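Encoded as structure tokens, the structure appears first; notes follow it.
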Amino acid sequence: MTKEQNDRMEKILSLCKRRGLIFQGSEIYGGLAGTWDYGPLGAELKHNVKNLWWKRFVTDRDDMYGIHSAILMNPRVWEASGHVSGFSDPLVECSKCKRRFRADHLENLDKCPECDGNLSGEKQFNMMFKTNIGATEDGESISYLRPETAGGMFVNFKNVLDSFHPKLPFGLAQIGKAFRNEISPGNFLFRSREFEQMEVEYFVSPENWKHAFEEWRGVMIDWMKEIGLKKEHVFEHEIAEKDLAFYSKRTIDFEFKYPFGREELYGLAYRTDYDLVRHSEYSGIDLTYFDEDQKLHFTPHVIEPSLGVDRTILAILSDAYDEEEVEGEMRVVLRLKPIIAPIQVAVLPLMKKDGLAEKAKEITRELKKNLRLMYDESGSIGKRYRRQDEIGTPFAITVDYDTLKDQTVTIRDRDSMKQERIAINTISSYLSEHFQ
RNA sequence: GCGGGUAUGGUUUAGUGGUAGAAUGCGACCUUCCCAAGGUUGAGACCCGGGUUCGAUUCCCGGUACCCGCACCA
């Protein structure tokens with residue numbers, strides 16, 4: 001990472017802390033690596049992102065079913081999914097140069113491939129967090145914090161089939177926390193031990209997987225555009241056949257140019273019928289679908305668009321963060337799309353006297369019913385504009401002396417800093433028009 | 001996990017074996033008719049635990065967190 005990239009990351013981090021978006025987890029106790037807490041504005045931003053996703057991926061469609069499954073699941077779920085055996089890596093360490101290697105990637109387990117030093121015995125690293133169900137710590141009670149949300153959807157496939165009788169193709173979706181015991185978390189929100197996912201498992205007839213794959217690919221591209229990610233920072237990385245996970249026939253990684261480099265943001269995978277077949281085997285329950293037209297039972301195949309919430313937030317912040325020089329001063333602006341901005345509009349009295357504050361509060365009360373709004377009267381008007389710029393508020397309404405005379409206000413655009421004068425009773429329609 | 005580095009108000013930092021300044025931000029008051037103006041004033045910090053010492057924010061050891069490299073990321 002270059003110094004410049006590192007600086008940019010640190011600036012975003014310090015802005016997040018300064019303005020109450022995101023804090024280090026457990027900070028007053030010295031922190032806990034790989035955990036982050038969202039402050040008031042960050043929580044708002046995150047909610048907006050999740051709500052928008054839910055709308056676009058679930059409620060706007062007529063083939064999607066949203067669920068919310070438990071984080072703790074029967075450990076057999078993870079045996080079936082392959083996580084208990086496959087989610088751990090056997091590692092060996094060189095006693096001389098201290099490098100680590102995956103044991104299953106080496107041909108000779110006696111000598112270090114780098115320096116010819118001796119290698120330690122294999123150690124298993126399972127990335128799943130273990131926990132105990134019940135008060136006693138015997139082997140029977142072990143469970144895991146889910147390492148991904150997908151399992152909850154496969155496990156409920158039959159429930160949704162039986163209660164809603166959907167026709168193929170249809171999908172299940174959920175947003176929820178997942179946990180991975182990462183060896184080295186880092187790069188702010190990019191790799192953390194506790195994170196949130198937005199996932200879809202879309203079930204199709206085997207012959208239709210290509211069509212569904214392309215459709216979801218388009219949905220994901222539209223999504224990235226809608227939340228304001230720069231097109232030139234998004235890359236589609238087609239995973240080569242030899243690198244595909246054993247269950248997948250095709251996978252695209254959507255990569256993003258973060259300040260620290262180009263890394264994965266989202267994934268889109270064709271998982272064949274692997275999951276349903278495995279869960280059927282392990283549970284002994286029939287997880288096939290009956291096609292009325294063909295009078296035929298078969299196991300649907302799955303297209304899985306998988307999106308990380310926290311990586312989304314990181315991508316949004318890194319594309320939104322901007323600095324520009326205005327009259328010799330540095331202006332920091334978070335160019336968030338209005339649809340996800342924590343605060344949509346600020347209401348500011350030009351002065352804190354002559355009844356301007358009272359008038360501004362009156363407008364605040366009215367608008368706050370339908371908008372994410374912040375009222376601010378402290379310091380100079382210029383300072384308040386800059387404060388709103390830093391938290392990405394797209395519009396600022398200023399109540400001045402003309403307001404008292406003719407019931408108009410000025411409305412300032414965050415990005416252009418231009419102002420228009422409009423009537424108070426047209427504020428709502430003005431905003432909704434400009435939120436698109 | 002390994003190696004190296006860093007840790008001082010909210011943020012960015014100066015500095016010291018006798019417990020600390022600054023800038024900026026924040027609060028209050030005054031002033032101000034639109035982009036971090038000015039004045040007065042106030043609150044606010046040495047990451048945690050041991051050790052050495054009369055005395056440790058400073059030196060030593062351990063821990064934690066973050067940063068940089070390596071490795072890892074089904």
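Everything numeric in this text was worked out from a predicted model, so none of it was measured. Side chains are part of it too, since the values below use all heavy atoms of this structure and drop only hydrogens, waters and symmetry mates. Chain identifiers are assigned alphabetically (A, B, ...) following the order of the sequence lines, protein sequences preceding nucleic acid strands; residue numbering begins at 1 within each chain.
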Ring pair (Phe, Tyr, Trp, His ring centres under 6.0 Å) with A:Trp36: which of A:Phe190, A:Phe195, A:Phe188?
A:Phe188

Between B:C34, B:C66, B:U11, which one does the side chain of A:Thr398 approach most closely?
B:C34

note: A:Phe260, atom CZ; B:C66, atom C1'; distance rounded to Å ~ 15 Å

May I ask you to establish whether A:Lys46 and A:Tyr38 are in a cation-pi arrangement, using a distance under 6.0 Å from NZ or CZ to the six-membered ring centre and at most 45° from the ring axis?
yes

Applying a 4.0 Å non-hydrogen cut-off, can you work out what A:Ser14 is touching in the nucleic acid: base, sugar-phosphate, or nothing?
sugar-phosphate

A:Arg180 atom CZ is separated from B:G1 atom C1', nearest whole Å, by 19 Å

Base of B:C34, side chain of A:Asp400 - is there a donor-acceptor contact under 3.5 Å?
yes

For atom C1', what is the distance between B:G63 and B:U6, given to the nearest Å?
16 Å

Just name whichever nucleotide pairs with B:C26, Watson-Crick or G-U, keeping both distances under 3.5 Å, else none.
B:G42

Looking at the base of B:A36, is there any donor atom on it, or on the side chain of A:Glu327, that sits under 3.5 Å from an acceptor on the other one?
no

Between A:Tyr270 and A:Trp209, how do the two ring planes meet: parallel, tilted or perpendicular, split at 30° and 60°?
parallel

Sticking with atom C1', work out how far B:C2 lies from B:C59, rounded to a whole angstrom.
27 Å

Please determine, for the side chain of A:Ser184, which listed nucleotide (B:C72, B:G10, B:C34) has the closest atom?
B:C72

From the list B:A74, B:C34, B:C35, which nucleotide is the closest neighbour of the side chain of A:Arg421?
B:C34

Establish, yes or no, whether the cationic atom of A:Arg311 lies under 6.0 Å from the six-membered ring centre of A:Tyr266 and within 45° of the ring axis.
no

Between B:C72, B:A74, B:A65, which nucleotide has the shortest distance from any of its atoms to the side chain of A:Leu32?
B:A65

How would you label the contact of A:Ser378 with the nucleic acid (heavy atoms, under 4.0 Å): base, sugar-phosphate, or nothing?
sugar-phosphate

Describe the nucleic acid contact of A:Glu390 in one word from base, sugar-phosphate, nothing, applying a heavy-atom distance below 4.0 Å.
base

For A:Arg412, answer base if it contacts any base atom (sugar-phosphate contacts may also be present), sugar-phosphate if it contacts only those atoms, and nothing otherwise; contact means non-hydrogen atoms under 4.0 Å.
base

So which nucleotide from B:G1, B:A37, B:U32 ends up closest to the side chain of A:Lys383?
B:A37

For the side chain of A:Met417, counting heavy atoms from C-beta on, which of B:C29, B:G10, B:C35 is nearest?
B:C35

Flag yes if more than 12 heavy atoms outside A:Lys257 fall under 6.0 Å of its NZ atom; otherwise flag no.
no

For atom CZ of A:Arg384 and atom C1' of B:C26, their distance in whole Å:
15 Å

Going by purine N1 to pyrimidine N3 plus the second Watson-Crick contact, or the G-U wobble pair, all under 3.5 Å, which nucleotide sits opposite B:U53?
none

Under a 3.5 Å limit on both distances, the Watson-Crick or wobble mate of B:C47 is B:G63

Ignoring hydrogens and angles, answer whether the base of B:C34 and the side-chain atoms of A:Tyr385 contain a donor-acceptor pair closer than 3.5 Å.
yes

Quote, to the nearest angstrom, the C1' distance that separates B:A45 from B:U11.
12 Å

Look at all strands and tell whether A:Gly34 reaches a base, only sugar-phosphate, or nothing, counting heavy atoms closer than 4.0 Å.
sugar-phosphate

Winner on side-chain proximity to A:Tyr401, out of B:A71, B:C33, B:C67, is B:C33

Among B:G1, B:C66, B:C26, the one nearest A:Ala33 by side-chain distance:
B:C66

Does any nucleotide pair with B:C70 by Watson-Crick or G-U wobble geometry, both distances under 3.5 Å, and what is it?
B:G1

How would you label the contact of A:Phe23 with the nucleic acid (heavy atoms, under 4.0 Å): base, sugar-phosphate, or nothing?
nothing

The side chain of A:Arg387 lies closest to which of these nucleotides: B:C26, B:U11, B:C29?
B:C26

Work out how far the P atom of B:U40 is from that of B:C34, and round it to whole angstrom.
24 Å

When all nucleic acid strands are considered with a 4.0 Å heavy-atom cut-off, which category describes A:Glu27: base, sugar-phosphate, or nothing?
nothing

What integer distance in Å separates A:Leu13:CG from B:C68:P?
11 Å

Go through the side-chain N and O atoms of A:Thr35 and A:Glu194 and say whether any donor and acceptor fall under 3.5 Å apart.
no

Using 4.0 Å as the upper bound for N to carboxylate O, is an ion pair formed by A:Lys361 and A:Glu358?
no

Distance, rounded to the nearest Å, where A:Leu350 contributes CG and B:U32 contributes C1'
9 Å

What nucleic acid atoms does A:Glu148 come within less than 4.0 Å of, heavy atoms only: base, sugar-phosphate, or nothing?
base

